[in-house]
Amino acid sequence: MALVVQKYGGTSVGTVERIQAVAQRVKRTVDAGNSVVVVVSAMGKTTDGLVKLANEISTNPSRREMDMLLSTGEQVSIALLSMALQQLEQPAISLTGAQVGIVTEAEHSRARILRIETDRLKRHLQEGKVVVVAGFQGISSTNDLEITTLGRGGSDTSAVALAAALQADYCEIYTDVPGILTTDPRIVPDARLMAEITSDEMLELASLGAKVLHPRAVEIARNFGVPLVVRSSWSDEPGTWVMSAAPKPRSLEGLELSRAVDAVEFDTDQAKVSLLRVPDQPGVAARLFGEIASQKLNVDLIIQSIHEGNTNDIAFTVVKDSLKQAEAVASAIIPALCGGVPTSDAEVMVEQKIAKVSISGAGMIGRPGVAAQMFSTLAAAGINIQMISTSEVKVSCVVDAADCDRAIAALCAAFELTSSPLSQVAGVRSQEPGEIDQGIGDRGSGVESLRPPSPIPYPRSPISNHSLPPVRGVALDLKQARLAIRHIPDKPGMAAKVFQLLASQNISVDMIIQSQRCRVVNSVTTRDIAFTVAQMDAEAARQALQQAAPELGWGEVVVDPAIAKVSIVGAGMVNQPGVAARMFLALAQERINIQMIATSEIKVSCVVAEADGARALQTIHAAFELSGSEKIQVPA
Ligand code: ASP
Ligand code: MG
């Protein structure tokens, strides 16, 4: 007998008939011998309707009263579902977040869950009842017992948090799509349904998957090792399993981390190769990394910043042992890369004594200022940043190897993570004392330890290390604009200034890249920094940066709103050479120019022209053979 948490979204409980259908499914689950806790959203578009009502009365309603209002939606659906179950002679009881004891911060409209009382839930389960819990809401830990909500889409978070607190066997998220797809089916009609995905991959695919599954829910599943499955309410298809490695035992106090960063990672076994002034045209990255891959060299970080004139700089890191070989390949290929283009001043530079230092955490999604805090922390420690590369849940900086220990100590202090003496080549500092000193290679990709959802009511293939595909999904983001600041003085603290300025305007930055090329302007060494922000923030960002230019000594601020970001994500790419090369080749074959490249361990992102975005997505999806044979219907 298993303990199962099921969550049904708004459309799944949108009408009386649908509530009755949900009751049938819940009863079937109970009849199969399981204990069931059900979490429901408000019916259909109820929450939107309530927001509209509030806006008719006030342009700026108090957040407390909004929580009071919005939390009523779920109270309707829990009562109706409980009645529907009782009608089927299935004992059931509905409970609000407060009645369960879903204790949150006293932060209206975006509260995080601190802990969940399980006594009452367990008592009712013992009595043979189905417990129907209102999603999205909680109660503050203050004396006033304020009703709070978790933020829009928060019922997923309620469900996974309940599963973690109850140590449920698994959590099912029922929705109006059949699961998680390899890409956006509106652009790639043969997108395939994934049978499984790791939680790390899911977080990196936030822009693809966030509509299906709230990132905070994925974060809890990952931190507590909750087996999670996304399934359709309209069928018995198995859906998509979101797998997490068996976690280190972790306290249920402070269940949802309020911190944005939950680990500081480092790697001192890397060396950097930079190619300066190579032509800015389709096929260059493909040839370079194709050649590197054919030598079986595994590349870690890759960055390419925006072009200057008609040339680009591309930099990458490899393990130190491979440096000689990588340098040889890069030097040998330069004439070919420059063939026919009069930019003979291309050159290769290598740097042995570097360290990669990264911060990671799902909490940085949508939270401005996290990267800025990293940069300012490094600046305060007097550490210069040589390379920056970011992804959805990670910011990586390459610094001088001699600065590594100081960088980690400073970052652990700044982000309140446990630190311990450093002794090895690669590792992780995280907030749980038991979690420190894990090798980097064992993280995320450590599939042997992925906890199989058990017992499982559906047949599914066993997960083995070898079955991890290099690319799980491909995402396209058309809502970003690219900004570049020219000629930023190359000294500690400048990146910090740029991103603090943006954070103070509440502008979230997505992809950040610092160029390799140094330029001497008025006898000051300078570099460029390019990054992307949401299109709607681009003008505000440009103005703020332009205004600061005279004081901070940087040059022109260039904006290009017509860009697209296309990304591949897959935990299997960690140990497999040639994955990035394949992506670049697919783009080259379509004659699509790559404007920027940034990577993390399990993600490669390229910025291309907006007009090329859809074609880029299609060709990359096809190149990794992700197409399915069956057309998947998704609601508009
Ligand atoms: N009803 C809430 C909303 O619409 C919570 C949820 O459905 O997850 O945002
Ligand atoms: Mg939802």
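Start at 1 and go down the list; that is how both ligands and their atoms are numbered.
- Note that CH2 of Trp234 and OG1 of Thr175 are 8.5 Å apart. Values are rounded to the nearest 0.5 Å.
- Ion pairing between Lys27 and Glu89 fails under the 4.0 Å rule for side-chain N and carboxylate O.
- By the 6.0 Å contact criterion, CD on Glu539 is enclosed, its count of non-hydrogen atoms from other residues, nucleotides or ligands being greater than 12.
- Relative to atom 7 (O) of ligand 1, the option among Ser158, Gly10, Ser71, Ser41 with the closest non-hydrogen atom is Ser41.
- Atoms of ligand 1 lying under 4.0 Å from at least one heavy atom of Arg152, given by number and element, are 3 (C), 4 (O), 9 (O).
- Not one N or O of Lys7 is nearer than 3.5 Å to an N or O of ligand 1, by distance alone.
- Distances between N or O atoms of Asp156 and those of ligand 1 include no value under 3.5 Å.
- Proximity of Glu74 to ligand 1, defined as any heavy-atom pair under 4.0 Å, is confined to the side chain (atoms from C-beta onward).
- Residue contacts with ligand 1 include Gly154, since one of its heavy atoms falls under 4.0 Å from the ligand.
- Of all the atoms in ligand 1, the ones that sit under 4.0 Å from a non-hydrogen atom of Ser155 are 5 (C), 6 (C), 7 (O), 8 (O).
- Proximity of a side-chain donor or acceptor of Arg231 to a complementary backbone N or O of Asp236 within less than 3.5 Å is detected.
- Classified by interplanar angle (parallel below 30°, tilted 30° to 60°, perpendicular above 60°), the ring pair Tyr8/Tyr174 is parallel.
- Salt bridge status for Lys603 with Glu392: present, with a side-chain N to carboxylate O gap under 4.0 Å.
- Polar contact check, Gly151 against ligand 1: no nitrogen or oxygen pair lies under 3.5 Å apart.
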